[in-house]
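Below is one structure, written out as structure tokens; the observations come after it.
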Amino acid sequence: MIGLSLAIGVHNLFLALVAVLFIVLALIGFVLIYGFYRYRVQNRINVWTRYIDMKITEAIVNGSHEDLDESVFNRLMKRSSFRSLFLERLVASEKNFSGVAHVEIRNLFVKYQLHLEALKRLNQRKSYMIIGGIQELTAMEAREFLPEIERFLHYKYANVYHEAQYAMVALKGFEGFNFLKTFSKPISDWQQLRLLNSIVNIPDTGTEQVMEWLDSQNTTVVVFTLKLIRKFQLFAFYDRVKECLYHQEVKVRVQAVRTLQTLEGFSTVDDLIESYDSQPQEIQLEIVKVLKAAKDSRFVEFFKTQLSNHTLASIRIIAAEALIALGLKDYLIELINNQETSEELILIVKHAMQVKRW
Amino acid sequence: MLILIAEDDELILKTIEYKLIKEGYSVICTRNGKDAIETIKNTDIDLIITDIMMPFASGTEILAAMKTLNKKIPVIMLSSMGQEEVVLEAFDLGASDFMVKPFSPNELLLRIKKLSNL
């Protein structure tokens, strides 16, 4: 009986060992086959990349119309993965070349109808695919497909609508900002910077639109418009920017102060002083910075008051720095030596004087 | 005229090489700064076109090596936007000219011709 059960046990153990061995062999086989497959794919990509690069190089140097043998290339162009790689290489090369070379790269895009590849990506569900398609059409300056990009301006994901916004401005210039009129979603700080960098001039006819954007219910649109006014120093908007000092959103007020500083006129500092008392501390800080930069001796008393009475230490420090800049260092030394001066005020003044010295 | 091109971007390297060969120049290509320095040591180069950012040794390191080797060869630097400080450093080290990417190969050719006539 014991012998029989031992024999069954050994038999089962043998079967288990065979099964484990089989699984291990199967795994090794799978890894080898997959590795070989990846190697073949990578090898094919490398060969294709060299082939595509040669095509681009020839087009840049000789012109895209001078093709001697198109048969192999046309055969490869039937494969979607090759077309996709071709487009990818064109977009990458576009960043490196300008002048006639840039035109030839664009000619290749048109000649081989690579817009179809980019448009295919626009119909995908995944955000990164859509973004890729928009970027490709933008890089290749495919203005004829702007309506296709336009439909993503109000897309549910921020990264997609941001890319569509950038494409509109990059391809249409100032006119591309038309979406701001009805745009209700937030525009991130980074995207605002990107849009500002992509625009080089504002047409004379654009003032009406700028005025409309300042009235937008979307705070980020108003903030962006103020930055736009600042970048192009649109002096005609001075009074409208001044009104933004009383906007319900603090973020808008901060930008209004900074924009007024850029548009500085005879009345700017007076306008800021006028609104000072009614502003929250964040805005008061911005105003004090502007007044300090103005170095106007009319505000000596104002700075003295801020230094002595304000509750925010950063404002008091700036006020002290402003007084130093206005040549009132002796007044501050006197303040330090006065027995009645509080310890906190002494520290603030000393800090401001140290900063100045360094 | 023998020109050395040091550039790690394959497409840029091939395009410049193809363009210069078509114009009748002899060309040596290297894909990193270390190989470029070795080539400068061992070959009589007439002009160098080099990228600033490269593996193993940068464009400015190539210039520094040339100074040590006492090689006076005209150098055109290729730089990207935002590398102004490096470009200034390159001029201090003896670079003759520089171009910012994206660049025009035709313009590069004009600059090469201008430098080779000096």
### Query
Most heavy-atom pairs under 4.5 angstrom with chain A, which of B/I12, B/D9, B/I16, B/L78?
B/I12

#### Entry: Rounded distance [0.5 Å steps], CD1 in A/I60 versus NZ in B/K19
9.5 Å

### Message
So for atom CZ, which belongs to B/F91, do other residues, nucleotides or ligands contribute more than 12 heavy atoms lying within a distance under 6.0 Å?
### Response
yes

### Message
Using a 6.0 Å cut-off, check whether atom CE of B/M53 has over 12 heavy atoms from anything other than its own residue.
### Response
no

#### Entry: Point-to-point distance, once rounded to the nearest 0.5 Å, from CD of B/E10 to OG1 of A/T49
10.5 Å

### Query
More than 12 heavy atoms of other residues, nucleotides or ligands under 6.0 Å from NZ of B/K34: is that the case?
no

## Note on the structure
Minimal heavy-atom distance between B/P102 and A/S98, with the atoms involved, is O-OG, 3.5 Å

#### Entry: Atom pair OG1/CG of B/T15 and A/D53 - distance to nearest 0.5 Å
7.5 Å

#### Entry: Whether over 12 other heavy atoms sit under 6.0 Å from B/D44 CG
no

### Message
Nearest 0.5 Å, please: how far is NZ in B/K101 from NZ in A/K95?
### Response
13.0 Å

### Query
Looking at CG of B/N106 and CZ of A/F97, how far apart are the two atoms once the value is rounded to the nearest 0.5 Å?
11.5 Å

### Query
Are A/S93 and B/L11 side-chain neighbours, meaning at least one heavy-atom pair lies under 4.5 Å?
yes

